[in-house]
A.B. asks: 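Quick one: this structure, given as structure tokens, is what I'll be asking you about.
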Amino acid sequence: MLLLSIESSCDETSTAVLEDGYKIKSNIVASQVEIHKRFGGVVPELASRQHLESIIPITEGAIKEAGINLENIEAVAVTKGPGLMGSLLVGLSVAKAIAFVRGIPFIGVNHLEGHLLSILLEKPEIKFPYISLVVSGGHTNLYFVKEIGNYKLLGKSVDDAAGEAFDKVAKMLGLGYPGGPVIDELSMEGDPEAIPFPRAYMQEKPFHFSFSGLKTAVLSYLKKNGLYDEETKRAKIKKISKKHLSDLAASFEKAVVDVLVDKAIEAADKRECSSIAIAGGVACNRGLRLELKKRADEKGLTVYYPSNKLCLDNAAMVGIAGYFRILKGERDKFDLDATARLEL
Ligand code: KG4
Ligand code: ZN
């Protein structure tokens with residue numbers, strides 16, 4: 001089956017063509033990072049306008065790159081939520097139009113299910129059930145993936161998502177947007193034990209996360225050391241040496257990573273899973289990958305990482321999630337609406 005999939009929930013416009021679910025014939029991603037960078041975060045109005053401009057060329061591009069024509073497409077899958085309403089509607093409208101004109105099956109997909117199943121595109125051998133940690137700018141969710149279509153949310157962040165913490169701390173340090181990749185880079189040179197930032201374990205909710213306290217701890221550290229400018233609401237970056245900045249980044253990153261890893265391992269143990277998969281933008285983080293692998297090895301668990309492109313938002317992951325639903329005979333009607341807040 002040749003399936004066309006579309007993702008436009010946040011600041012990436014992406015279209016993919018998959019063959020029989022697993023084979024990526026094309027997966028084009030147009031990132032809007034350059035547009036949102038100067039605002040220090042995603043501006044919803046600009047995001048939807050940019051999706052509008054990109055969606056047709058990207059869709060044509062994905063079909064061409066797959067070496068097929070629109071007439072060869074047999075089904076269409078699209079992200080229906082969660083995400084930015086205006087952005088979701090762009091992808092949804094194009095997907096509906098194509099499916100309607102061609103008279104082929106159409107299915108709306110939960111973006112989070114896409115992240116959960118993204119690992120199957122590269123590691124179809126992963127053993128079920130597995131634990132999946134979806135860590136992105138909008139989510140920090142820990143799932144028990146029993147089988148395709150059967151997911152249990154074990155815990156999530158009660159405040160900031162992990163990626164959001166990276167972005168906010170980077171902004172505070174004047175490092176630009178998105179913060180994750182810059183902090184990842186700086187951390188490689190820093191000492192993760194240099195500054196003892198707190199780890200929120202939330203004993204009463206063993207699989208939930210909280211990162212806003214950590215963000216406040218970084219702010220307090222800067223203030224206490226005379227490194228914070230109250231007027232600009234930024235660190236006095238000129239007063240911080242490169243070494244000190246790297247230590248700060250590494251200590252912050254380690255505080256995030258330790259909690260993510262501890263809870264993922266604990267979940268695997270409790271749910272008797274031998275595999276852990278990670279997904280979402282923060283899954284690109286090298287510190288997280290190394291620590292998770294180290295701790296999993298000690299426990300005899302196997303860790304699966306998608307490549308960076310499949311960790312970040314992309315249409316191929318939406319395609320594989322849609323493929324399994326189409327296979328099961330699920331279809332959506334053309335009055336399907338986008339849902340900004342959608343749970344999984
Ligand atoms: O999955 P994604 O592309 O979009 C959302 O659905 O949010 O994730 C983007 C998030 C941003 O917060 C970004 O700072 C973070 O992923 N990120 C990283 C890294 N690369 C991207 N965080 C830590 N380390 C990285 N290398
Ligand atoms: Zn995402």
Side-chain angles (χ1 to χ4, degrees), residues 5-14 27 29-33 36-37 40-42 44 47 51 79-84 87-88 91 109-119 132-141 143 156-157 160-173 175-188 190 192 209 211 214-215 249-250 252-261 277-292 305-321 340-342 344:
S5 56
I6 298 179
E7 153 65 34
S8 69
S9 64
C10 189
D11 60 343
E12 253 92 37
T13 323
S14 179
N27 184 24
V29 180
S31 170
Q32 303 179 3
V33 161
H36 301 290
K37 219 176 190 163
V42 178
H51 284 305
T79 304
K80 63 177 176 184
L84 302 169
S87 295
L88 288 164
V109 170
N110 186 316
H111 179 86
L112 292 165
E113 187 178 19
H115 276 307
L116 276 190
L117 301 183
S118 59
I119 195 65
S132 179
L133 178 65
V134 179
V135 266
S136 69
H139 296 91
T140 306
N141 291 4
Y143 291 96
K156 61 179 184 176
S157 177
D160 293 350
E164 199 178 347
F166 273 93
D167 294 337
K168 285 181 175 170
V169 166
K171 191 171 179 180
M172 202 190 293
L173 295 172
L175 298 173
Y177 173 85
V182 201
I183 291 186
D184 187 344
E185 196 60 43
L186 279 168
S187 297
M188 300 302 281
F209 303 90
F211 293 111
L214 175 58
K215 177 189 64 191
F252 160 76
E253 183 179 288
K254 190 71 185 355
V256 176
V257 164
D258 278 352
V259 180
L260 292 175
V261 170
I278 55 174
V282 183
C284 297
N285 186 269
R286 285 172 287 177
L288 172 61
R289 289 179 178 228
L290 284 170
E291 185 67 18
L292 186 56
Y305 314 107
S307 57
N308 283 4
K309 186 172 178 184
L310 294 180
C311 284
L312 296 160
D313 288 349
N314 69 92
M317 70 181 200
V318 174
I320 192 158
R341 288 177 168 272
L342 188 63
L344 182 76

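As the structure lists them, so they are numbered: ligands from 1, and atoms in each ligand from 1.
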A.B. asks: Taking the side chain as everything from C-beta on, heavy atoms only, tell me whether Tyr177 gets closer than 4.5 Å to Val42.
C.D. replies: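 Side chain of Tyr177 against side chain of Val42, heavy atoms only: contact under 4.5 Å found.
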A.B. asks: Could you check whether the rings of His111 and His115 sit parallel, tilted or perpendicular, using 30° and 60° as the cut-offs?
C.D. replies: perpendicular
A.B. asks: Is His139 close enough that one of its N/O/S atoms sits under 2.8 Å from the Zn ion (ligand 2)?
C.D. replies: no
A.B. asks: Check ligand 1 against His115 and write out every atom of the ligand that is under 4.0 Å from a heavy-atom position of the residue.
C.D. replies: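 With His115 as reference, the close atoms of ligand 1 come out as 1 (O).
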A.B. asks: Give the atom numbers and elements of ligand 1 that come within less than 4.0 Å of a heavy atom of Gly138.
C.D. replies: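 Result: 7 (O).
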A.B. asks: For Gly137, counting its heavy atoms only, list the atoms of ligand 1 lying under 4.0 Å from any of them.
C.D. replies: 5 (C), 7 (O), 8 (O), 9 (C), 10 (C), 12 (O)
A.B. asks: How about Pro82 and Arg341: do any of their side-chain heavy atoms sit closer than 4.5 Å?
C.D. replies: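 No, side chains not in contact.
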A.B. asks: Purely on distance, is any nitrogen or oxygen of Gly280 under 3.5 Å from one on ligand 1?
C.D. replies: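 There is no such contact.
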A.B. asks: How far is atom 24 (N) of ligand 1 from its nearest protein heavy atom, and which residue and atom is that?
C.D. replies: Asn285 ND2, 3.0 Å
A.B. asks: Answer yes or no: does an N/O atom from Gly180 fall short of 3.5 Å to an N/O atom of ligand 1?
C.D. replies: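 Min N/O separation from ligand 1 is below 3.5 Å for Gly180.
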A.B. asks: Heavy-atom pairs closer than 4.0 Å: do any link ligand 1 to the side chain of Asp167, the backbone, both, or neither?
C.D. replies: side chain
A.B. asks: Check Asp313 and report its N/O/S atom nearest to the Zn ion (ligand 2), by atom name.
C.D. replies: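 For Asp313, the N/O/S atom sitting closest to the Zn ion (ligand 2) is OD1.
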A.B. asks: Please confirm whether Pro181 approaches ligand 1 to less than 4.0 Å, judged on its heavy atoms.
C.D. replies: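 Contact check Pro181 vs ligand 1: positive.
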A.B. asks: What heavy-atom pair brings Glu164 and Asp160 nearest, and what distance separates the two atoms?
C.D. replies: OE1-CA, 3.4 Å
A.B. asks: Give the residue and atom name of whichever protein heavy atom lies nearest to atom 26 (N) of ligand 1, and the separation in Å to one decimal.
C.D. replies: Asp184 OD2, 2.8 Å
A.B. asks: Below 4.0 Å, non-hydrogen atoms only: which portion of Asp313 touches ligand 1? Side chain, backbone, both or neither.
C.D. replies: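 Answer for Asp313: both.
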A.B. asks: Would Gly281 count as being in polar contact with ligand 1, using the rule that some N or O on each side must be under 3.5 angstrom apart?
C.D. replies: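 Yes, there is a polar N/O contact under 3.5 Å.
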A.B. asks: Determine whether Ser14 and Asp313 make a side-chain contact, defined as any pair of heavy atoms from C-beta on separated by less than 4.5 Å.
C.D. replies: no
A.B. asks: Applying a 4.0 Å heavy-atom criterion (strictly less than), which segment of Arg286 is in contact with ligand 1: side chain, backbone, both, or neither?
C.D. replies: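 None of Arg286 does.
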A.B. asks: At a 4.0 Å threshold, what atoms of ligand 1 neighbour a non-hydrogen atom of Ser136?
C.D. replies: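 So the atoms of ligand 1 that pass are 1 (O), 5 (C), 6 (O), 7 (O), 8 (O).
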A.B. asks: Picking from Glu253, Glu185, Glu291, what satisfies salt bridge (charged side-chain N to carboxylate O under 4.0 Å, His left out) with Arg286?
C.D. replies: Glu185
A.B. asks: State the CG-CG distance between Asn308 and Asn285, to the nearest 0.5 angstrom.
C.D. replies: 10.0 Å
A.B. asks: Give a yes or no on whether His111 keeps an N, O or S atom under 2.8 Å from the Zn ion (ligand 2).
C.D. replies: yes
A.B. asks: Heavy atoms, side chains only, cut-off 4.5 Å: are Asp184 and Met188 in contact?
C.D. replies: yes
A.B. asks: Working to the nearest 0.5 angstrom, can you tell me the gap between Leu133 CG and Thr140 OG1?
C.D. replies: 7.5 Å
A.B. asks: Taking Ser87 as the fixed residue, which of Glu7, Gln32, His51 is the one that meets the side-chain contact (heavy atoms from CB on, under 4.5 Å) rule?
C.D. replies: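 Single pass found, and it is His51.
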A.B. asks: Just wondering, are more than 12 heavy atoms of other shown residues or ligands nearer than 6.0 Å to NZ in Lys156?
C.D. replies: no
A.B. asks: What atoms of ligand 1 come closer than 4.0 angstrom to any heavy atom of Gly163?
C.D. replies: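 Matching atoms, with element in brackets: 12 (O).
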